[in-house]
Amino acid sequence: MDLILLGAPGAGKGTQGALLAETLGTPKIATGDMLRDAVRRGTPLGLKAKAIMDAGQLVSDDVVLGLVREALSSPAAAGGAVFDGYPRNVAQARALDGLLRELGRKIDAVVNIGVRDDAIVRRMSGRRTDPETGKVYHVEHNPPPAEIADRVVQRPDDREETVRERLRVYRESTAPLVAFYREQGVPVHEVDGDRAIEQVQGDILGRLGR
Ligand code: AMP
């Protein structure tokens with residue numbers, strides 16, 4: 001099954017995507033994670049992407065398409081994938097359609113996780129990542145275990161001004177994808193993301209008939 005998770009930054013796509021990927025037995029393809037990894041490793045791509053990411057803007061469509069193409073070619077993704085943070089605009093959605101078509105596949109469903117803007121800003125300011133494992137925590141809702149509390153860090157793009165810019169970019173470029181997929185006849189499941197992680201996950205699985 002090929003599934004797209006849509007939702008504003010901080011809506012919970014990463015957390016829900018990881019749980020879903022585990023349940024469905026398919027990899028999660030998260031372009032943001034791949035880009036952060038490239039930044040951490042200091043690759044030429046990472047060096048180029050860092051300033052764009054820190055400003056809350058979108059990295060070029062060509063760059064992310066290359067990352068997704070590579071991830072999709074892995075044998076682990078032969079049975080489908082959970083896409084988190086990709087596509088981010090209509091051009092990327094068309095490119096993804098093309099990639100999947102080459103594989104004889106198509107997007108089976110879209111899950112749109114909705115959370116109000118004020119809740120998003122609150123969530124993101126409390127978000128922390130473990131640089132060693134990439135696992136994401138929240139200082140209030142999902143605190144990191146004591147033994148790693150000293151090493152968790154805040155993503156540079158989770159600062160309030162950048163979050164607001166990312167929300168603006170989301171509304172302008174990414175939100176139109178809901179209509180794009182509806183017009184194509186792809187089922188779009190609207191899920192209220194302003195609830196406990198387990199509730200949201202149960203809702204998503206129910207909508208997908210799992
Ligand atoms: P995310 O972790 O998905 O919120 O992504 C963090 C940042 O990585 C975004 O704000 C963008 O700068 C960049 N990024 C991630 N995915 C994409 C994408 N599909 N297209 C363009 N830029 C992306």
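Fair warning: this is a prediction, and the values are worked out from it, not measured in the lab. Whatever order the structure lists ligands and atoms in, that order sets their numbers, starting from 1.
- For atom 14 (N) of ligand 1, the closest non-hydrogen atom of the protein is Leu35 CD1, 3.4 Å.
- Distance from atom 1 (P) of ligand 1 to its nearest protein heavy atom, with residue and atom name: Arg88 NH2, 3.5 Å.
- By the 3.5 Å distance cut-off applied to N or O atoms, Val59 is counted among the residues near ligand 1.
- For atom 4 (O) of ligand 1, the closest non-hydrogen atom on the protein side is Arg166 NH2, 2.8 Å.
- When non-hydrogen atoms are compared, ligand 1 lies under 4.0 Å from the side chain of Arg155 (C-beta onward) but not from its backbone.
- By heavy-atom distance, the residue among Thr31, Ile52, Leu58 lying nearest atom 17 (C) of ligand 1 is Thr31.
- Checked against a 3.5 angstrom limit, the closest N/O atoms of Asp33 and ligand 1 fall outside it.
- Here Asp157 has side-chain heavy atoms under 4.0 Å from ligand 1, and that is the only part of it that gets that close.
- The distance criterion of under 3.5 Å between nitrogen or oxygen atoms is met by Gly85 with respect to ligand 1.
- A salt bridge does not link Asp97 with Arg94: none of the charged nitrogens is closer than 4.0 Å to a carboxylate oxygen.
- Checking side-chain atoms of Tyr170 against main-chain N and O of Gly7 turns up a donor-acceptor pair under 3.5 Å.
- Using a 4.0 Å cut-off between heavy atoms, Lys13 makes no contact with ligand 1 at all.
- Checked for salt-bridge contact, Asp2 and Lys106 miss the test: no charged N lies under 4.0 Å from a carboxylate O.
- In summary, Lys135 and Asp130 do not engage in a salt bridge, as defined by a charged side-chain N under 4.0 Å from a carboxylate O.
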